[in-house]
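Quick notes on the structure that follows.
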There are 2 protein chains.
Amino acid sequence: MTDTPDDALVDALVQTSFVVTGVLTRVAAERDLSLTQLRMLGVLRDRRPRMAQLAALLGLDKSTVSGLIERAERRGLVRRVPSADDARAVEVEATADGLTLARDGAEQVGRALQPLLSSVDGTGRAALTRELERMLSAH
Amino acid sequence: MTDTPDDALVDALVQTSFVVTGVLTRVAAERDLSLTQLRMLGVLRDRRPRMAQLAALLGLDKSTVSGLIERAERRGLVRRVPSADDARAVEVEATADGLTLARDGAEQVGRALQPLLSSVDGTGRAALTRELERMLSAH
DNA sequence: TATTGTTATACTCTATAACTATA
DNA sequence: TATAGTTATAGAGTATAACAATA
C-alpha cells in the first residue's frame with residue numbers, strides 16, 4: 001500500500017498532538033500534577049460523575065481511576081460522595097482547591113499555547129478552529 | 001483576566017490532542033507497545049541517535065530512555081551500538097523487527113484516523129494541513 | 001445474575017541522585 | 001572538570017483478575 005494524499009495531514013495531526021501534549025504535561029508538572037490528573041480535574045470542572053462514568057470519559061479502566069481518585073483525594077483535590085440513588089455507586093466532585101487548580105491550569109494552557117498560535121493569522125485561526133471542530137464532531 | 005478570542009481554538013487543539021493520543025495509544029497497545037515505545041520506534045525509522053539525543057527528541061530524562069531501550073532491546077526491537085567516535089557514547093538503531101513494527105504502526109495510525117478525517121472535505125483538509133504545518137513550523 | 005467499586009498484583013513510565021568510564 | 005550512560009530508588013499510571021456489596 002502506498003501513501004494516501006492524507007499523509008501530510010495525518011503527520012501534522014500526530015506532531016500537533018505531541019507538541020500540545022508536551023505543553024499540557026509541562027503545565028501539569030508545574031502544579032505537581034500528572035497529565036492524567038490535570039485532565040481528570042478538567043473533567044470535574046463541570047461534572048460530578050460516578051467512578052464508572054469518569055473512567056469512560058478518560059478512557060481508563062475503573063481500577064485505574066480508583067487509584068487516581070485515591071491519590072487526588074489524599075491531596076484534597078477531589079471528594080468521594082456516596083450516591084443517593086444507588087448504594088453501590090460513588091460520585092466524584094472537585095473540592096474548591098481542585099477547582100482552583102483546574103481553572104488556573106486551563107488558563108496557563110491557553111497562555112502556553114499562544115507562541116504556537118502566533119504564527120497563524122486571524123483567517124488561518126478561524127479556518128483551523130472551524131475544521132478541527134468539524135473533525136471532532138465526528139468523534 | 002477574561003477569555004481571549006482564541007479560547008475555542010485552544011479547546012479544539014487540546015481535544016484533538018486527546019483524541020489523537022487515544023488513537024496512538026490504542027494502535028500501540030494492539031502491538032503490545034506503550035505510546036512511548038511506539039514514538040521511540042517512530043524516531044528510529046530514519047535516525048540512529050545517541051542515547052542523549054534520543055532523550056532530547058522524546059523530551060525524556062536519559063535515565064528514562066535507558067530503561068526504555070533496555071526493554072525494547074530485550075524484545076529484539078532495537079540494538080545498542082557503541083559509538084566509533086566516542087567510547088562513552090552509545091548509538092541506538094532499530095532492528096528489522098523494530099522497523100517493521102514502526103512501519104506497520106504508522107500505517108495503522110493513518111487508517112485509524114480516517115474516520116475522523118471523513119467529516120472534513122478536500123478544501124478543509126488542505127486548509128487544516130496548511131495551518132497546522134504553519135503552526136508547527138514555529139516550534 | 002449483573003453491576004459498582006475496590007484491592008492485589010505486576011509491569012511500564014518517569015525523574016532524581018549517585019555512580020562509572022571516558023573526554 | 002565535564003560529559004555519556006547506567007543503576008538504584010521511589011512513586012505514578014496502567015490493566016487484569018478476583019473480590020464484596022448492592023441491584
Side-chain angles (χ1 to χ4, degrees), chain A residues 18 21-22 24-43 48-93 101, chain B residues 18 21-43 48-75 77-93 101:
Chain A
F18 286 146
T21 299
L24 293 170
T25 301
R26 184 167 54 71
V27 168
E30 284 166 4
R31 287 156 180 76
D32 268 301
L33 294 172
S34 69
L35 174 55
T36 304
Q37 297 270 354
L38 183 62
R39 230 187 126 193
M40 178 269 286
L41 289 177
V43 164
R48 199 174 82 161
R50 294 182 177 183
M51 294 292 289
Q53 291 169 338
L54 183 55
L57 286 166
L58 296 175
L60 298 171
D61 190 86
K62 56 186 178 166
S63 66
T64 299
V65 176
S66 278
L68 215 56
I69 294 303
E70 152 67 22
R71 290 184 290 274
E73 193 169 35
R74 215 186 303 145
R75 279 183 63 178
L77 304 178
V78 305
R79 196 182 296 119
R80 279 170 161 108
V81 183
S83 166
D85 303 341
D86 186 333
R88 299 170 300 178
V90 174
E91 290 166 7
V92 187
E93 67 180 7
L101 217 47
Chain B
F18 286 147
T21 299
V23 167
L24 293 170
T25 300
R26 185 167 53 72
V27 168
E30 285 167 1
R31 287 157 180 75
D32 269 300
L33 293 172
S34 70
L35 174 54
T36 303
Q37 297 271 355
L38 183 62
R39 229 186 126 194
M40 179 267 286
L41 288 178
V43 165
R48 200 174 81 162
R50 292 181 177 184
M51 294 293 288
Q53 291 168 338
L54 183 55
L57 286 166
L58 296 174
L60 298 170
D61 190 85
K62 55 185 179 165
S63 66
T64 299
V65 176
S66 278
L68 215 55
I69 294 302
E70 152 67 21
R71 291 184 290 275
E73 193 168 34
R74 214 187 305 146
R75 278 183 63 179
L77 303 178
V78 305
R79 194 183 296 120
R80 280 170 162 108
V81 182
S83 167
D85 303 341
D86 186 334
R88 297 171 301 180
V90 173
E91 291 167 6
V92 186
E93 66 179 8
L101 215 50

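Below, each value reflects all heavy atoms present in this structure, side chains not excepted, and no hydrogens, waters or symmetry copies. The sequence lines fix the lettering, A, B, ..., with proteins before strands; numbering per chain opens at 1.
In this entry the distance linking CG of A:Leu58 with P of D:dA15 reads 10 Å, nearest Å. Atom-to-atom, CD of B:Gln53 to P of D:dA4 comes out at 9 Å; the value is rounded to the nearest Å. Atom CG of B:Leu60 and atom P of C:dC13 are 10 Å apart (whole Å). The CG-P distance, from A:Asp32 to D:dG11, rounds to 14 Å in whole Å. The CG-P distance, from A:Leu35 to D:dG13, rounds to 10 Å in whole Å. Protein atom CG of B:Asp61 is 15 Å distant from nucleotide atom C1' of D:dG11, rounded to whole Å. When rounded to the nearest whole Å, the span between CG of A:Leu33 and P of C:dT14 equals 17 Å. If you measure from atom CD of A:Glu70 to atom C1' of D:dG13, you get 14 Å, rounded to the nearest angstrom.
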Check your understanding: Reading nucleotides 18-23 of chain C 5' to 3', which nucleotides get B (base under 4.0 Å from a protein heavy atom), which S (sugar-phosphate only), which -?
Key -> ---BBS
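Counting only distance, with no hydrogens or angles, the side chain of A:Gln53 and the backbone of A:Arg50 share a donor-acceptor pair below 3.5 Å. Remark: the backbone N or O of B:Leu60 is not paired with any side-chain donor or acceptor of B:Thr64 at under 3.5 angstrom. The backbone N or O of A:Arg71 lies less than 3.5 Å from no partner atom in the side chain of A:Arg75, so there is not a single donor-acceptor pair.
Within 4.0 Å of A:Gln37, counting heavy atoms only, lie sugar-phosphate atoms of the nucleic acid but no base atom. Across all strands, A:Thr64 comes closer than 4.0 Å to base atoms (heavy-atom distances).
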Practice item. I would like to know whether B:Glu73 and B:Arg80 meet salt bridge (Lys or Arg N to Asp or Glu O under 4.0 Å); could you show each step before the answer? Key: CA-CA 8 Å; B:Glu73 193 168 34; B:Arg80 280 170 162 108; 2.7 Å; yes
Exercise for review: Just do the side-chain hydrogen bond (donor to acceptor under 3.5 Å, both in side chains) check on B:Ser63 and B:Asp61 with the steps written out, would you?
Suggested key: CA-CA 5 Å; B:Ser63 66; B:Asp61 190 85; 2.8 Å; yes
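Taking all atoms of both residues into account, the shortest heavy-atom contact from A:Ala28 to A:Ser34 is CB-O, 3.6 Å. Between A:Arg39 and A:Leu58 the shortest heavy-atom distance is NH1-O, 3.5 Å.
In this structure, A:Arg71 reaches the D:dG13 phosphate: one of its side-chain N or O atoms is under 4.0 Å from OP1 or OP2. In this model, the phosphate group of C:dT3 is not approached by any side-chain N or O of A:Arg50 to a distance below 4.0 Å at OP1 or OP2. Using a 4.0 Å cut-off, some side-chain N or O of A:Ser66 falls inside it from OP1 or OP2 of C:dT6.
For the pair A:Ala89 and A:Ser63, nearest-nucleotide mapping onto DNA chain C gives the more 5' position to A:Ala89.
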